[in-house]
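Here the structure is a predicted model, which means the values were calculated and not measured. Chain identifiers are assigned alphabetically (A, B, ...) following the order of the sequence lines, protein sequences preceding nucleic acid strands; residue numbering begins at 1 within each chain.
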2 protein chains.
Amino acid sequence: MSSRGLRTRERILAAAEQDLIAHDGIDIVRVASAAGISVGGLYHHFAAKDDLLAAVVTAFHARHNEQVIYAEIPGPWRERERERIRRSVRFHYADPLAPLLVTRAVTDAQIARIDAQELARAARASAANLAAAQRNGELPATLDCDLAGAMLMGGSRQVIARALTLKRRPAASRLADELWAMCAAIVDA
Amino acid sequence: MSSRGLRTRERILAAAEQDLIAHDGIDIVRVASAAGISVGGLYHHFAAKDDLLAAVVTAFHARHNEQVIYAEIPGPWRERERERIRRSVRFHYADPLAPLLVTRAVTDAQIARIDAQELARAARASAANLAAAQRNGELPATLDCDLAGAMLMGGSRQVIARALTLKRRPAASRLADELWAMCAAIVDA
DNA sequence: ACCTGAACACCGTTCAAGT
DNA sequence: ACCTGAACACCGTTCAAGT
């Protein structure tokens, strides 16, 4: 793809993200206009509205994964995961899409679908992470990693959603500490 | 409203629920046809597609509340909540709408929106429930009820979603036991 | 390849007319 | 009040034509 094409594509993505934040959903005509392109031109870059939405939401999750999930953090399991939670809270506090996506107050079903898939994927990844720590002897052998992974990810998600909707958000470090305490309690039960 | 009108309304609701299960979303023409009524006739009972969807999804939550949330269960807090979790798992295993709603694999944004609101509401209700037990001295005074409520409801939701998507679901009683163990660990931390 | 803008298609909604 | 079915409206998508 040419550099001109790439730049247009980026303009469309940025316009779509802004439109999503402003209206809890996107309108193709509005996005095209904001991006300075015709509707037909937009469709040259994205085959359908759902594809454009998917690109915007996937970019959000890619940012999160890069800063939190794939981050190389040294130390024993508990230290690593505690630090990961800190980073995840900071990420959600800072990213402009987080409040909208995390509360699911969205007018497009495609966003909700991707989000649900992403949460299920995170739960499975967490389960695998727990199982690895379990094999190392860092977690009790009795832990059901599959269920605990779902509990940790589903719970953390809702805790962050709750914090993001409060008028006065708790400090990121305090929220991370409380969240970690609950996560630690689950895996040590 | 006349008994004839009420019966028609019920037929529409039943057709919509079936359509939702069969197609992960509803089509007004399809629902009207399945309910044996014209499109215009359907609109006599529901002002918009979103209202019909809301009625179907709200009925699901009303069933859950009746069997689980508002149920009068005797005994101390831990006994009560453990029993509540058992009933919630049984409810989700039995209700035909549960797999679809709980996994959010839905083609209508309205469903996702209602579901997100309902989960946030459940988290606040759980927080109030925890606070009451805390005042009774049944839970540690250090517990942050607001965050714990979000953790419990968000986590439980994802655990049940995970179980419902497995080809071989764990036995309801075992799932309830494991879920309760994790919930108890959170509030006793 | 990249883009335009008018025509098209799909599906939710309305409405004049009937019982 | 309850219902019909054709017309309407809205918005995502296509496409012939341009650079």
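Ile37(A) comes within contact range of the sugar-phosphate backbone alone, with a heavy-atom separation under 4.0 Å but no base atom that close.
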Name the atoms and distances for all side-chain donor-acceptor pairs under 3.5 Å in residues 129-139 of chain A, with sequence neighbours left out.
| from | atom 1 | to | atom 2 | distance (Å) |
| --- | --- | --- | --- | --- |
| Asn129(A) | OD1 | Trp77(A) | NE1 | 3.1 |
| Asn129(A) | ND2 | Glu81(A) | OE1 | 3.4 |
| Asn129(A) | ND2 | Glu81(A) | OE2 | 3.2 |
| Gln134(A) | NE2 | Pro140(A) | O | 3.0 |
| Gln134(A) | NE2 | Ala141(A) | O | 3.2 |
| Gln134(A) | NE2 | Leu143(A) | O | 3.0 |
| Glu138(A) | OE2 | Trp77(A) | N | 3.0 |

Please list every donor-acceptor pair under 3.5 Å in which a side-chain atom of residues 32-39 of chain A meets a protein atom from a residue at least two apart or in another chain.
| from | atom 1 | to | atom 2 | distance (Å) |
| --- | --- | --- | --- | --- |
| Ser38(A) | OG | Gly41(A) | N | 3.0 |

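In this view, Gln18(B) and Ile21(B) satisfy the side chain to side chain contact (heavy atoms under 4.5 Å, CB included) rule, not counting sequence neighbours. Remark: Arg63(A) engages Asp95(A) in a side chain to side chain donor-acceptor pair (under 3.5 Å) (not counting sequence neighbours). Taking Phe60(A) as the reference, Phe91(A) meet the ring-ring contact (aromatic ring centres under 6.0 Å, His included) condition, with sequence neighbours excluded. Applying the side chain to side chain donor-acceptor pair (under 3.5 Å) test to His64(A) and every residue at least two apart in sequence or in another chain returns Ser88(A). Ile114(B) is linked by a side chain to side chain contact (heavy atoms under 4.5 Å, CB included) to Ala54(B), Val57(B), Gln110(B), counting only residues two or more places apart in sequence or in another chain.
Residue pairs meeting the salt bridge (Lys or Arg N to Asp or Glu O under 4.0 Å) criterion with at least one partner in residues 24-47 of chain B, sequence neighbours excluded, are Asp19(B)-Arg30(B). Among pairs with a residue in residues 176-185 of chain B, those fulfilling salt bridge (Lys or Arg N to Asp or Glu O under 4.0 Å) read Arg82(B)-Asp177(B), Arg174(B)-Glu178(B), at least two apart in sequence or across chains.
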**Asked** Where does DNA chain D pair, written as one dot-bracket string 5' to 3', with Watson-Crick or G-U pairs under 3.5 Å, ( ) inside the strand, [ ] for crossing pairs and | for another strand?
**Response** ||.|||||...|||||.||
Just the table, please: protein N/O against nucleotides 12-14 of chain C N/O, every pair under 3.5 Å.
| from | atom 1 | to | atom 2 | distance (Å) |
| --- | --- | --- | --- | --- |
| dG12(C) | OP1 | Lys49(B) | NZ | 3.0 |
| dG12(C) | OP2 | Ile28(B) | N | 3.3 |
| dT13(C) | OP2 | Tyr43(B) | OH | 2.3 |
| dT13(C) | OP2 | Lys49(B) | N | 2.8 |
| dT13(C) | O5' | Tyr43(B) | OH | 3.1 |

So which protein N/O to nucleotides 16-19 of chain C N/O distances come out below 3.5 Å?
none

